[in-house]
Amino acid sequence: MLFVTGKGGVGKTTFASALASFAASIGKKTLIVEMDDKGALARSLATTELQFAAREVSPNLFAMSMNTEDSLREYIRLFVKNPLVNTFGPLAKILDFVANAAPGVKEILAVGKLCWEVREHNYDIVIVDAEATGHIVAQVDAPAILSGLVQVGVIREQTKWMQEMLHDKATTGVVIVATPEEMPVLETMQLLDTLHNTTNVGVSAVVANRVHDDVVQGGDVAVFNSLWQAVQSNAVPSDAVEALRAPMQLLNVATQRRQNEVGNLEQLVARSREGGVMFMSLMDIDAHDHDVVTSMTQVLKDELQ
Amino acid sequence: MKSLRTVLETGRLVVVTGSGGVGKTTMSAALGAFAASQYNRRVLVLTVDPARRLADALGLESFGNAVVEIESSALTRNGTPPAGRMFAAMIDTKASWDELIARCAPNTDVRDKVLSNKLYRNLTERFVHSHDYIAMERLFEAQQSNDYDLVIVDTPPSRNALDVLDAPKRMKEFFGSRLLKLLTTQAQSRLFSLAAKPFFLVADRILGARFLTDITEFFTLFRTMEEGFVKRANEVEAVLKQQDTSFMVVTTLESAPLHEAEFLIDALRERGFSLNTVIANRVTSKELIEQAQDALAKLEASVQDPSFVQAVVKATEAVEPTAGQISRVVSTISRKSAEAVRKGELEHITLEALRKRSSDSQAELCICAISGAEIARATALVALGESVHPA
Ligand SMILES: Nc1ncnc2c1ncn2[C@@H]1O[C@H](COP(=O)(O)OP(=O)(O)OP(=O)(O)O)[C@@H](O)[C@H]1O
Ligand SMILES: [Mg+2]
C-alpha cells in the first residue's frame, strides 16, 4: 500500500495515476483511491466520475473515490453488528458526530477501508492519492493517534491490526512528490523528519516532479555564460552581440530557474538518502492531464522495468 | 474600482487570495514593502508560511506570532529613505488558538481546563477549518489595533480559497448546530430523549463511553465561550465588508491557477466583497518578446556569416570555445528563445482575456513581470512591488 503525498499541486494525483497504470500494466491487480473527492483522479485516468465502489477502469486497474459516509456504513456493517443500525435513521447524523467531533475518526474510517482491502488480499497493490503534506501524518497514522485517545470501544479494537499493517515497512510506504522549488522541497524535508521522528511509517520514495531540462549542457555551459556576460556588459560591441541580447534575456529566466532547481534538488537528494530521489521531467504543459499521466507511465516503464 | 496605488495609499485592509504557488506571499510582502517606502503609512504584512528566503529577506527569524519591524534602511528606494514603516508577522495557528481561548473564556478556570484538555489540540487542528479561522482572527486583531494604517494578509492555502472567508460564518454555525446541542445535553436528559437514544447507543459502541464523555466535557466547556466567539465572528465578517477593505486575486497564466482565479473573481463579487485588483504574476514582458522576435529574424540571417562567428568568438575568447561549441550554443539560444517567444505570445492572449474578465468585474488587472532572480533582500521586494503596473 503506497500513500502518495506532497504539497498542493505538485502532481500527487498525476504520479499516483502513473504508478497505478504502470503496476496494472505489469499484471498487478491494482486499486487506486482518491481521498480528497476533487474529481482530479477521474480526469487523470480519463474516466467518468468515481464512486466508493471500486470500478475496473482499464485492465487490472480499479479505481474508487473515498467517502467517509459509505465507509462508515461498511464499517458498521462489518464490525458493529448492531441490529439497531438497520433501523437507524439518517446516517449523516452519526457521521456528523463521529467525523467532526471525534478527532481522527474520519481518518480512521478512510484508512480502515484501505487496510481492509489489503488485509483481505483483494488487490496486489493499493495506491492512495493521499492528503497533502500538512495532513498526511493524521491520515496515515490515524490508528496510532486514535488509539492514544480512545480507551475502549470497537474502534479501539480495530486500531491495533491497522497500526501493525501501516507500520510494517514491507507492506506500507509513503511516496512524497515535490517540485524542485523552495517550498515544496522544504515541506518534503520537514515531512521526512516528522515521519521519521514521530511515526513508525516508512518512506518508499521521493519523487522530484516537473524538473526542467538544462538550457545548455556540459562544456557548452562555460561558453553560454561567457556569451551572456558579453551581452550584458557590452564590452566588445558587435551586431552579433546585439542580435543575441533579447533572446538571451528571454532565456535568462529559464537558466536562473534551472540554477535554483539544481540547488533545491541537491538538498533534496542529500536528505533522502534511503531510496534516493526519482526524477520526472516537465512534460508538455499544454497537454491534457491524462496525456501527462501517459507520458509519466512510460517513464516509469523505462526506469523500473 | 480603485487603482492598486490608491488601495495601497488609502486602504485599511487588503486580503490577498489565489491558488497555491502563484506567489501570493511574495506579492503581499512586495506590495507592503513598496507601500511603506512610498507612503507615510505603517504597513503590516501578515503571512502564513513564507519561503525561507523571503523570511530571511524580511528578517523574520522567529517562527512565532511576534510582529517584527523591517529596518528602514532595507526599504530605501533609489537612495530615498522610506516614507512609512513596514512590519511583518507570521500566523502561528497553535499559539493563536491558545490566545483566542484565553480571550474568549469566561474565566480562568474554563481557560485552563480547555487548554489542558487532551482533545483540544486535536480538535482545533481539524474542525471548522481552524487555520482559516485563525487567519481571519489575526487580521481582525491587527486591523482593530491602532498600530497600523494598512494591513495586508496573505490567505492560507485552502482546498477552496473561499474557505477562509467563510470561516467566521462556519464558526457561528458550529455554535448553533444541533450536533453541539446534542453533545452538550446533560447525560440524564439524553436518556429521555427518544430521538437521541439510538444515536448514543451506536456512538458508545463505536467509540467507547469514556471517549464520548471526554468529548462531551470538552464541548460543554467550549460552549461557555459561545458568546465571545460569535461576537468575534460577526465583527470579523463586518470588517471584511467594510469600505476600505479591498480584495486582491493573484494568479499566474498557467491553466490551473487561472481557473481558480476566474472562479474567485466571480465568487468574490457574488458575495459582495470589493475586489479591486487582479494581479497576473510571472508574466513575460511583451516588449522583450517583441525584441527577441526581431533579433531572432536577424540572427537567422546572419548565423552563417563568418563575421558573426568571429564576433561571438571574440566575445567569448576568455573560455576559448571550439567552432562546434559556438554553433551549438548559438543554435540552442535561437531554438529555445523561439520557443519562449511562442509561449510568451500565447501568454499575452490569455492575459487579454483576463483583462476583460477583470474589467467586467470592476477590477484593475495589474502585471508583475517574471524574473529569474530571487528575493534576497527587502530592497528587492520594494522594487518588485513598485514594478507591479496596470496591464
Ligand atoms: N511532470 C509534469 N509535467 C507537466 N505537467 C504536469 C506534470 N506533473 C503534473 N502536471 C500537471 O500539473 C497539474 C497538477 O497536477 P496534479 O493534479 O497531479 O497535482 P496534485 O498534487 O494532485 O494537486 P492537488 O494538491 O490539487 O490534489 C495537472 O494539470 C497535471 O497535468
Ligand atoms: Mg490531487
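Sequence lines set the chain letters: A, B, ... in the order given, protein chains first and strands last, and positions in each chain run from 1.
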Undergrad: Distance from B/S337 atom OG to A/L244 atom CG, nearest 0.5 Å?
TA: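 Answer rounded to 0.5 Å: 8.5 Å.
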Undergrad: Taking only heavy atoms into account, what residues of residues 320-331 of chain B are found under 4.5 Å from chain A?
TA: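 When heavy atoms of chain A are the reference, residues 320-331 of chain B contributes B/P321, B/Q325, B/R328, B/V329 within the under-4.5 Å range.
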Undergrad: Count the heavy-atom pairs under 4.5 Å between each of A/Q259, A/Q249, A/Q229 and chain B, then report the option with the highest count.
TA: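 Answer, by heavy-atom pair count under 4.5 Å with chain B: A/Q249.
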Undergrad: Sequence neighbours excluded and cut-off under 3.5 Å, please list the side-chain donor-acceptor pairs for residues 288-304 of chain B, or say none.
TA:
| from | atom 1 | to | atom 2 | distance (Å) |
| --- | --- | --- | --- | --- |
| B/Q293 | NE2 | B/E345 | OE2 | 2.7 |
| B/S302 | OG | B/K298 | O | 3.0 |

Undergrad: Counting heavy atoms not belonging to A/D239, are there more than 12 under 6.0 Å from its CG?
TA: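 No.
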Undergrad: What part of A/V215 lies closer than 4.5 angstrom to a heavy atom of chain B: side chain, backbone, both or neither?
TA: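 Both backbone and side chain.
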Undergrad: Which region of A/V241, side chain (C-beta onward) or backbone (N, CA, C, O), has a non-hydrogen atom less than 4.5 Å from a non-hydrogen atom of chain B, or is it both or neither?
TA: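 For A/V241, the side chain is the part near chain B, not the backbone.
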Undergrad: What's the spacing between A/L250 CG and B/I370 CD1 if we round to 0.5 Å?
TA: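 Separation between the atoms: 9.5 Å.
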Undergrad: Quick check on the interface: out of A/V236, A/L227, A/T179, A/T255, who has the most heavy-atom pairs with chain B under 4.5 Å?
TA: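 That would be A/L227.
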Undergrad: Please state whether the side chain, the backbone, both or neither of A/L251 comes within less than 4.5 Å of a heavy atom of chain B.
TA: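 Looking at A/L251, just its side chain touches chain B.
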Undergrad: Got a sec, which residues hit side chain to side chain donor-acceptor pair (under 3.5 Å) with A/S44, two or more places apart in sequence or on another chain?
TA: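 Expected list: none.
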Undergrad: Suppose the criterion is salt bridge (Lys or Arg N to Asp or Glu O under 4.0 Å): which pairs have a residue in residues 245-254 of chain A, not counting sequence neighbours?
TA: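 As it turns out, the salt bridge (Lys or Arg N to Asp or Glu O under 4.0 Å) pairs with a partner in residues 245-254 of chain A, which skip direct neighbours, are A/E242-A/R245.
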Undergrad: Would you mind checking which part of A/S238 comes under 4.5 Å of any heavy atom in chain B, side chain (CB onward), backbone (N, CA, C, O), both or neither?
TA: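 When you check distances to chain B, only side chain atoms of A/S238 fall under 4.5 Å.
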Undergrad: Just verifying a value: how many Å separate B/I333 CD1 and A/D220 CG, rounded to the nearest 0.5 Å?
TA: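 Between atom CD1 of B/I333 and atom CG of A/D220 there are 10.0 Å.
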